[in-house]
Amino acid sequence: GNGTREVVAVDDNGGRITFIATDVIFAAGPWTGRLAKQLLGDKAGPAADVQPSNCSNSIIIRPTRGSPPISGHALFTVLKLPSGVFGEPEVYPRPDGSVYICGGGSSTDDPLPEKCKEVKATDELVQKLKNYAAFVSPDFLDVDGKKATLEAVQACYRPNSGKTGNPIIGKFGEGLWIASGHQVWGINNGPGTGKVLAELILDGKATSADISALMP
């Protein structure tokens with residue numbers, strides 16, 4: 001009553017956690033659409049339009065000890081390997097000396113799993129990223145040539161907004177809100193999304209930005 005609802009969460013061990021909420025925000029990344037349809041059925045509305053992308057891979061490389069510092073410039077490339085393969089890797093040096101590399105393509109053979117911990121990288125795409133890194137900087141980023149070490153192998157799915165291609169931010173039912181569909185720009189737009197959504201819920205209007213084109 002009083003505009004509240006009971007929300008039940010289930011942890012990895014099957015344990016149930018119950019709490020009372022006045023508002024529920026659907027912001028589950030690529031799982032947003034699936035979750036909304038499971039919980040709300042035909043009332044999922046615009047939340048059901050958020051679908052997962054194909055699975056993309058990324059790696060983190062660290063040049064061997066004693067290597068000069070990597071320039072702090074992000075690279076957005078278009079290149080052709082000696083094998084004739086074209087690629088568009090993105091290279092992001094980090095303040096701790098490591099280098100994040102993505103843009104090796106995506107796998108269409110791996111549907112979105114039930115849980116995020118079940119997301120796995122693809123060996124073929126990881127090797128492609130290692131080849132790109134070695135081509136961009138053979139002296140400092142060549143893992144197979146022992147000029148760098150592979151610190152992390154990662155994979156992810158992104159939330160795509162099926163109808164507009166833009167994020168969906170706002171209210172779509174009594175006490176129901178959505179903030180999803182950011183595609184590749186989720187990290188970049190996350191803080192601003194949280195701010196305007198808080199304004200909507202607490203003040204009834206977003207004042208930090210005009211999000212009228214993003215409303216459900």
Decide whether [X] and [Y] are clustered together by the hydrophobic rule: side chain heavy atoms of Ile, Leu, Val, Met, Phe, Trp, Tyr closer than 4.5 Å, transitively.
X: F26; Y: V196; value: no
X: L197; Y: F172; value: no
X: M215; Y: W185; value: no
X: L125; Y: V119; value: no
X: I168; Y: L176; value: yes

Okay, side chain of [X], backbone of [Y]: is any donor-acceptor separation there less than 3.5 Å?
X: W31; Y: L112; result: no
X: S53; Y: R158; result: yes
X: D11; Y: N13; result: yes
X: S98; Y: R94; result: no
X: T122; Y: E124; result: no
X: S67; Y: P63; result: no

Residues which pass side-chain hydrogen bond (donor to acceptor under 3.5 Å, both in side chains) with [X], listed by chain and number, not counting sequence neighbours:
X: Q183; value: none
X: T77; value: none
X: E151; value: R62
X: E90; value: Y92

Answer yes or no: are there more than 12 heavy-atom neighbours, outside I187 itself, under 6.0 Å from its atom CD1? no

Do other residues, nucleotides or ligands put more than 12 heavy atoms under 6.0 Å from Q38 CD? yes

Are the side chains of [Y] and [X] in contact, using a 4.5 Å heavy-atom criterion?
X: W177; Y: I201; result: yes
X: I61; Y: V143; result: yes
X: N160; Y: V50; result: no
X: I60; Y: Q154; result: yes
X: D142; Y: F135; result: no
X: T193; Y: H182; result: yes
X: N57; Y: V153; result: no
X: E6; Y: T18; result: yes

Non-hydrogen atoms of [X] and [Y] that approach each other most closely:
X: A21; Y: V7; value: CB-CG2, 4.1 Å
X: P89; Y: G87; value: CD-C, 3.3 Å
X: P159; Y: P30; value: CB-N, 3.7 Å
X: S212; Y: D210; value: OG-OD1, 2.8 Å
X: E199; Y: T207; value: OE1-N, 2.9 Å
X: S71; Y: P93; value: O-CG, 3.1 Å

Spatial distance of atom [atom1] ([X]) from atom [atom2] ([Y]) [nearest 0.5 Å]:
X: L150; Y: L129; atom1: CG; atom2: CG; result: 9.5 Å
X: S180; Y: I25; atom1: OG; atom2: CD1; result: 12.0 Å
X: Y157; Y: C55; atom1: OH; atom2: SG; result: 4.0 Å
X: I101; Y: S58; atom1: CD1; atom2: OG; result: 10.0 Å
X: L200; Y: S208; atom1: CG; atom2: OG; result: 10.0 Å
X: N54; Y: C156; atom1: CG; atom2: SG; result: 11.0 Å

Determine whether K147 and F140 satisfy the following criterion, side chain to side chain contact (heavy atoms under 4.5 Å, CB included), listing intermediate values before the conclusion. CA-CA 5 Å; K147 298 297 181 68; F140 304 116; 6.0 Å; no

Residue pairs fulfilling salt bridge (charged side-chain N to carboxylate O under 4.0 Å, His left out) with at least one residue in residues 16-45, sequence neighbours excluded: R34-E114

Show your working on side chain to side chain contact (heavy atoms under 4.5 Å, CB included) between I59 and V126 and close with a plain yes or no. CA-CA 7 Å; I59 60 175; V126 169; 4.0 Å; yes

Give the C-alpha distance, both sets of side-chain angles, the deciding distance and a yes or no for side chain to side chain donor-acceptor pair (under 3.5 Å) between Q127 and D123. CA-CA 6 Å; Q127 185 60 52; D123 291 343; over 6 Å; no

Taking 4.0 angstrom as the limit, do K130 and D144 come out as a salt bridge? yes

Could you list the residues that satisfy ring-ring contact (aromatic ring centres under 6.0 Å, His included) with Y132, not counting sequence neighbours? none

Before you tell me yes or no, could you show the steps for E88 and L79 under side chain to side chain contact (heavy atoms under 4.5 Å, CB included), namely the whole-Å CA-CA distance, both residues' side-chain angles and the distance that decides it to 0.1 Å? CA-CA 6 Å; E88 298 182 15; L79 51 81; over 6 Å; no

